[in-house]
A.B. asks: 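Dumping the structure here so I can ask a few things about it.
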Protein chains: 2
Amino acid sequence: MAQIQTLSKNQKIILDIIEKAKEPLKAYSILFNVQKKGIKAPLQVYRALEKLIKLGKIHKVESKNAFVACKSSNCEVSKATAFSICEICEKVTEIANNKLSNFLNSFEDKSGMKYKKYNLEFFGLCKKCKKT
Amino acid sequence: MAQIQTLSKNQKIILDIIEKAKEPLKAYSILFNVQKKGIKAPLQVYRALEKLIKLGKIHKVESKNAFVACKSSNCEVSKATAFSICEICEKVTEIANNKLSNFLNSFEDKSGMKYKKYNLEFFGLCKKCKKT
DNA sequence: TAACAAACGTTATATTATAACAATATGATA
DNA sequence: TATCATATTGTTATAATATAACGTTTGTTA
Ligand SMILES: [Zn+2]
Ligand SMILES: [Zn+2]
Ligand SMILES: [Zn+2]
Ligand SMILES: [Zn+2]
């Protein structure tokens, strides 16, 4: 019944490794890490990633072509994502901030376009890197 | 004196083709289009793109790996970009909205991180595609 | 159990981007 | 003008990221 059980074998393997990582993982680094578990080809990784993204279990950090597990249990279906990215140490953190998400989810302009989804990436210096 | 004059030959050629395009251009499609002008290698394109981005003349649409000319003369240096992207016709438009940029430029959270730059991509249906 | 959809495995290939090296051009300044 | 520094160019090769196409297997459900 838990959502995790609806995941297939490869999807579980790959979600697991992404969840355990401390930083966003790139597809081929995931591939390298799961070869001992029998996943041999890029497509196997990319297919799992695609599914996990659809389910909101992971997100893609577009500016880095890398994948992170979703920390904010809010976004079961990933249609509103925001990240902070340190330009020095490259630390990536998912931003969970109601003021921000409320603002963006209700954003409208004069284009007549209906926004269903967004991805926001902030860049700057993290606490540690600011000090140096 | 005009900023355009500080651009090199290759940079001008590539900015020109991006400005004339009606949609975001991919690097290799740019390459194909400028081969008659003597630009033969990917690196020549990527180097010009990199410089043009730094100058704020163009932006990269991360989710599409494509490049658009900056329309909003506000962002001379591109540190705050926002796009709307239609999921059907793939039309991409740079959003110039003061309420949005003011909100994001002054956004702070409890992470202690100082945000200097952001990129936001909205997805949805454009006016035309909503009707069908 | 028949029919369908989702996931899998595999090979090959497409697409996007950078490394490394050498030459030339440009602009500032002594 | 000579010289120094920096930016730009040209070129070949290669790295990194992602998908096409094919057939098989597994799971669901009518
Ligand atoms: Zn999330
Ligand atoms: Zn940092
Ligand atoms: Zn712009
Ligand atoms: Zn559209």
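Residue numbers start from 1 in every chain, and the chains themselves are labelled A, B, ... in the order their sequence lines are given, proteins ahead of strands.
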A.B. asks: For Gln11(A), give me all partners under side chain to side chain donor-acceptor pair (under 3.5 Å), at least two apart in sequence or on another chain.
C.D. replies: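 With sequence neighbours excluded, Gln11(A) shows a side chain to side chain donor-acceptor pair (under 3.5 Å) to Ser8(A), given in chain and number order.
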A.B. asks: What range of DNA chain D does chain B touch, first nucleotide to last, counting atoms under 4.0 Å from its heavy atoms?
C.D. replies: dT8(D) to dT12(D)
A.B. asks: Going by side chain to side chain donor-acceptor pair (under 3.5 Å), name the pairs with one or both residues in residues 28-38 of chain A, residues two or more places apart or in two chains.
C.D. replies: none
A.B. asks: Under 4.0 Å, heavy atom to any atom of DNA chain D: which of residues 27-38 of chain B qualify?
C.D. replies: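 Nucleic-acid contacts, sorted: none.
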A.B. asks: By ring-ring contact (aromatic ring centres under 6.0 Å, His included), which residues pair with Phe103(B), not counting sequence neighbours?
C.D. replies: Phe103(A)
A.B. asks: Run the side chain to side chain donor-acceptor pair (under 3.5 Å) test against Tyr46(A) and tell me which residues pass, sequence neighbours left out.
C.D. replies: none
A.B. asks: Sequence neighbours left out, what passes salt bridge (charged side-chain N to carboxylate O under 4.0 Å, His left out) with Lys20(A)? Give chain and number order.
C.D. replies: Asp16(A)
A.B. asks: Could you work out, with side chain to side chain contact (heavy atoms under 4.5 Å, CB included) as the rule, every residue matching Lys130(A), not counting sequence neighbours?
C.D. replies: Leu125(A), Lys114(B)
A.B. asks: Under 3.5 Å, which N/O atoms of the protein pair with N/O atoms of nucleotides 4-8 of chain C?
C.D. replies:
unit_1	atom_1	unit_2	atom_2	d
dA7(C)	OP1	Lys51(A)	NZ	2.5
dA7(C)	O3'	Ser8(A)	OG	3.2
dC8(C)	OP1	Ser8(A)	OG	2.7
dC8(C)	OP1	Asn10(A)	N	3.1
dC8(C)	OP2	Ser8(A)	OG	3.4

A.B. asks: Partners of Lys64(A) by salt bridge (charged side-chain N to carboxylate O under 4.0 Å, His left out), sequence neighbours excluded?
C.D. replies: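 So Lys64(A) forms a salt bridge (charged side-chain N to carboxylate O under 4.0 Å, His left out) with Glu90(A).
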A.B. asks: Could you tell me which residues satisfy side chain to side chain contact (heavy atoms under 4.5 Å, CB included) with Lys117(A), sequence neighbours excluded, listed by chain and number?
C.D. replies: Lys79(A), Glu87(B), Phe123(B)
A.B. asks: Kindly calculate the angle separating the two end axes of the helix from dT1(C)-dA30(D) to dA30(C)-dT1(D), each obtained from five base pairs, and round it to 10 degrees.
C.D. replies: 40°
